Number of protein chains: 2
Amino acid sequence: MAQRTGTSHRAAPEHTHPDQVSVQTALAALADPVRITLVRELADSAEWSRSCGSFDVPVGKAALSHHFAVLRGAGLVEQRDEGPKRVNRLRRDEFDTRFPGLLALVLRDAQDG
Amino acid sequence: MAQRTGTSHRAAPEHTHPDQVSVQTALAALADPVRITLVRELADSAEWSRSCGSFDVPVGKAALSHHFAVLRGAGLVEQRDEGPKRVNRLRRDEFDTRFPGLLALVLRDAQDG
DNA sequence: GGGAGTGTATGGTTTTCATCGAACACTCCG
DNA sequence: CGGAGTGTTCGATGAAAACCATACACTCCC
């Protein structure tokens, strides 16, 4: 087994820094209605204030977990274990430095298609 | 047969103005390696100078035609019939007005993933 | 008219992706 | 310890998208 230090004995989620993300991956991550909703709700909330299950999206737990994995892989979201929950943070500045203006586009535009 | 007026007797391609395009559609259109290549090559060429078949992408004619239809539908490309060929133009300004900075992101970043 | 060049439409295959249900880990609390 | 709450993993399913080969339409030029 792996050694354990600290209080959480759970495997920390793997994060990808926006700098390691290709444009194509970033666009693909944001080209999904559920993930767009997650990003927007996250942007309207305080950092680390939202657990994964607290979002209003019409999908089950499994799919939701998958979507968060995609967002992590695109450098859009950072996660941290807090008790039994996994709380989230939108990587605003880091992502915006890597892809200037992209996040703003998604957040400003609320229409669908 | 049908009556014919003017020089081109071919159905003009249907165009969608960027203003009518949702963010999600725009992102989805650009989240494809072949279409990214088309847009980049188009950006490096003079307007109306490139026919559909003149691009260096590893797909057949049918798939290529489909990709151009997607780009038209996202308001990224304008097409015009010129003799037997269909020549293209990147809608730089119009698209950039609707989605500021998005095109710049795709054009600047050349890496893949 | 007929053939070469160019692009679109159709039909069918393959791949990719979103989704669900169920089973499994981990944390907290009683 | 045992149960409730939370999230991940696995296997399978269904829908969407990319692709190809073929057939078709149109333009140009001889």
Side-chain angles (χ1 to χ4, degrees), chain A residues 1-2 4-15 24-25 27-38 48-74 77-89 113, chain B residues 1-15 24-25 27-38 42 48-74 77-89 113:
Chain A
M1 302 302 207
R4 295 163 174 183
T5 60
T7 57
S8 177
H9 298 178
R10 201 173 349 178
E14 282 189 10
H15 285 106
Q24 186 184 322
T25 299
L27 296 178
L30 291 170
D32 177 276
V34 172
R35 290 192 289 265
I36 287 187
T37 301
L38 295 179
W48 309 119
S49 70
R50 304 291 300 270
S51 67
C52 293
S54 73
F55 293 84
D56 187 26
V57 286
V59 295
K61 292 196 306 178
L64 188 58
S65 182
H66 161 69
H67 284 302
F68 272 108
V70 172
L71 291 177
R72 277 201 315 270
V77 161
E78 189 177 359
Q79 297 185 314
R80 176 211 295 174
D81 287 339
E82 203 161 279
K85 324 191 149 176
R86 181 159 285 187
V87 291
N88 301 275
R89 172 183 94 86
Chain B
M1 294 313 187
Q3 86 168 28
R4 293 161 174 186
T5 59
T7 56
S8 178
H9 299 178
R10 201 171 353 177
E14 281 188 11
H15 285 107
Q24 185 184 324
T25 299
L27 296 177
L30 290 169
D32 177 278
V34 172
R35 290 193 289 265
I36 287 187
T37 301
L38 295 178
L42 212 43
W48 310 119
S49 71
R50 305 289 302 269
S51 67
C52 293
S54 73
F55 292 84
D56 186 26
V57 286
V59 296
K61 290 197 305 178
L64 187 59
S65 182
H66 161 69
H67 283 302
F68 272 107
V70 173
L71 291 178
R72 276 201 317 268
V77 161
E78 189 176 2
Q79 296 185 313
R80 176 211 296 173
D81 286 340
E82 203 161 277
K85 323 191 150 176
R86 181 159 285 187
V87 291
N88 301 275
R89 171 183 94 85

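Side chains are part of it too, since the values below use all heavy atoms of this structure and drop only hydrogens, waters and symmetry mates. Being a predicted model, the structure only gives us computed values, none of them experimental.
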How close do A/D32 and A/V34 get, counting heavy atoms only, and between which atoms?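 Smallest interatomic distance, heavy atoms only, reads OD1-N, 2.9 Å.
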Using atom [atom1] of [X] as one end and atom [atom2] of [N] as the other, report the distance to the nearest whole Å.
X     : N      : atom1 : atom2 : result
A/R10 : D/dT8  : CZ    : P     : 8 Å
A/R50 : D/dG7  : CZ    : P     : 11 Å
B/D81 : D/dC26 : CG    : P     : 11 Å
A/K85 : C/dC29 : NZ    : P     : 11 Å
B/L64 : C/dT6  : CG    : P     : 13 Å
A/L71 : D/dG7  : CG    : C1'   : 15 Å
B/E14 : C/dT8  : CD    : P     : 13 Å
A/E82 : D/dG5  : CD    : C1'   : 15 Å

Can you tell me if B/R86 touches the phosphate of C/dT8, counting only side-chain N or O atoms and a distance under 4.0 Å to OP1 or OP2?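 Answer yes for this pair, as a side-chain N or O of B/R86 is under 4.0 Å from OP1 or OP2.
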Verify the contact: side-chain N or O of B/S51 to OP1 or OP2 of C/dG7, cut-off strictly under 4.0 Å; return yes or no.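 True: B/S51 side-chain N/O within range (under 4.0 Å) of C/dG7 OP1/OP2.
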So, do A/N88 and A/F68 sit near enough that their side-chain heavy atoms are less than 4.5 Å apart?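 Touching, per the 4.5 Å side-chain cut-off.
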Does the side chain of A/Q24 reach to within under 4.5 Å of the side chain of B/P33, using non-hydrogen atoms?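 Yes, side chains in contact.
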Under the salt bridge (charged side-chain N to carboxylate O under 4.0 Å, His left out) rule, collect the residues that match up with B/R89, sequence neighbours excluded.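 Salt bridge (charged side-chain N to carboxylate O under 4.0 Å, His left out) check on B/R89 returns B/E47, B/E78, B/E94.
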Enumerate the protein-to-nucleotides 16-18 of chain D contacts in which both atoms are nitrogen or oxygen and the separation is below 3.5 Å.
from   : atom 1 : to    : atom 2 : distance (Å)
D/dA18 : OP1    : B/R35 : NH1    : 3.2
D/dA18 : OP1    : B/R35 : NH2    : 2.9
D/dA18 : OP2    : B/H66 : NE2    : 3.0

Of all residues at least two apart in sequence or in a different chain, which pass the side chain to side chain contact (heavy atoms under 4.5 Å, CB included) check with B/P13?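 Per chain and number, B/P13 pairs via side chain to side chain contact (heavy atoms under 4.5 Å, CB included) with B/H15, B/R72, B/Q79, B/R86.
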Could you work out, with side chain to side chain contact (heavy atoms under 4.5 Å, CB included) as the rule, every residue matching B/A31, not counting sequence neighbours?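 A/L27, A/A28.
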Residues 55-67 of chain A side chain polar contacts: donor-acceptor under 3.5 Å, at least two apart:
from  : atom 1 : to    : atom 2 : distance (Å)
A/H67 : ND1    : A/R35 : NH1    : 3.1

Contact class for B/K61 (heavy atom, under 4.0 Å): base, sugar-phosphate, or nothing?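 Counting heavy atoms under 4.0 Å across all strands, the contact made by B/K61 includes a base.
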Please list, chain by chain and in numerical order, all residues satisfying side-chain hydrogen bond (donor to acceptor under 3.5 Å, both in side chains) with B/T37, sequence neighbours excluded.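 B/T37 satisfies side-chain hydrogen bond (donor to acceptor under 3.5 Å, both in side chains) with no other residue.
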Which nucleotide sits closest to the side chain of A/R72: C/dT27, D/dT8, C/dG7?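 In terms of side-chain proximity for A/R72, the closest of C/dT27, D/dT8, C/dG7 is D/dT8.
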Gap separating the OG atom of B/S49 from the CG atom of B/L42, nearest 0.5 angstrom: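 With rounding to 0.5 Å, OG (B/S49) is 7.5 Å from CG (B/L42).
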Close N/O contacts between protein and nucleotides 10-16 of chain C (under 3.5 Å):
none

